[in-house]
Amino acid sequence: MPKMKTHSGAKKRFSLTKSGKVKRAHAFKSHLLNGHGKTTKRKRGLRKGAYADVTNVATIREMIPYK
């Protein structure tokens, strides 16, 4: 059986914790950051990591089989 290919977009966006949870970053953090777009409080919250929803974990794990 041939090796599975890792999804190159998923390997940049997700990582696995030791307990098997899938870590992800928040979206909407790329532009409009300087005063008229997002508040400081909102930007600070977007910096923190988050975990992928349970409904998506199986799909993400298939995309990053060797991580």
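Any value given below was found using the heavy atoms of this structure, including those in side chains, with hydrogens, waters and symmetry copies removed.
Contact between H31 and K38 at its shortest, heavy atoms only, is O-NZ, 2.8 Å.
Listed by chain and number, the residues in a side-chain contact (heavy atoms from CB on, under 4.5 Å) with H36 are L32, N34 (sequence neighbours excluded).
Among T59, V57, N56, the single residue meeting the side-chain contact (heavy atoms from CB on, under 4.5 Å) criterion with V22 is V57.
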Listed pairs under 3.5 Å, donor-acceptor, residues 42-54 side chains, sequence neighbours left out:
{"residue": "K43", "atom": "NZ", "partner": "L33", "partner atom": "O", "Å": "2.4"}
{"residue": "D53", "atom": "OD2", "partner": "T55", "partner atom": "N", "Å": "3.2"}
{"residue": "D53", "atom": "OD2", "partner": "T55", "partner atom": "OG1", "Å": "2.6"}

For residues 6-21, please give each side-chain donor-acceptor pair under 3.5 Å, one per line with the distance, not counting sequence neighbours.
{"residue": "H7", "atom": "ND1", "partner": "G9", "partner atom": "N", "Å": "3.2"}
{"residue": "H7", "atom": "ND1", "partner": "A10", "partner atom": "N", "Å": "3.1"}
{"residue": "R13", "atom": "NH1", "partner": "G9", "partner atom": "O", "Å": "3.1"}
{"residue": "T17", "atom": "OG1", "partner": "S19", "partner atom": "OG", "Å": "3.2"}
{"residue": "T17", "atom": "OG1", "partner": "G20", "partner atom": "N", "Å": "3.4"}
{"residue": "T17", "atom": "OG1", "partner": "K21", "partner atom": "N", "Å": "3.0"}
{"residue": "T17", "atom": "OG1", "partner": "K21", "partner atom": "O", "Å": "3.4"}

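A donor-acceptor contact shorter than 3.5 Å is absent between the side chain of Y66 and the backbone of K5.
Within a 6.0 Å sphere centred on NZ of K23, heavy atoms belonging to other residues, nucleotides or ligands number 12 at most.
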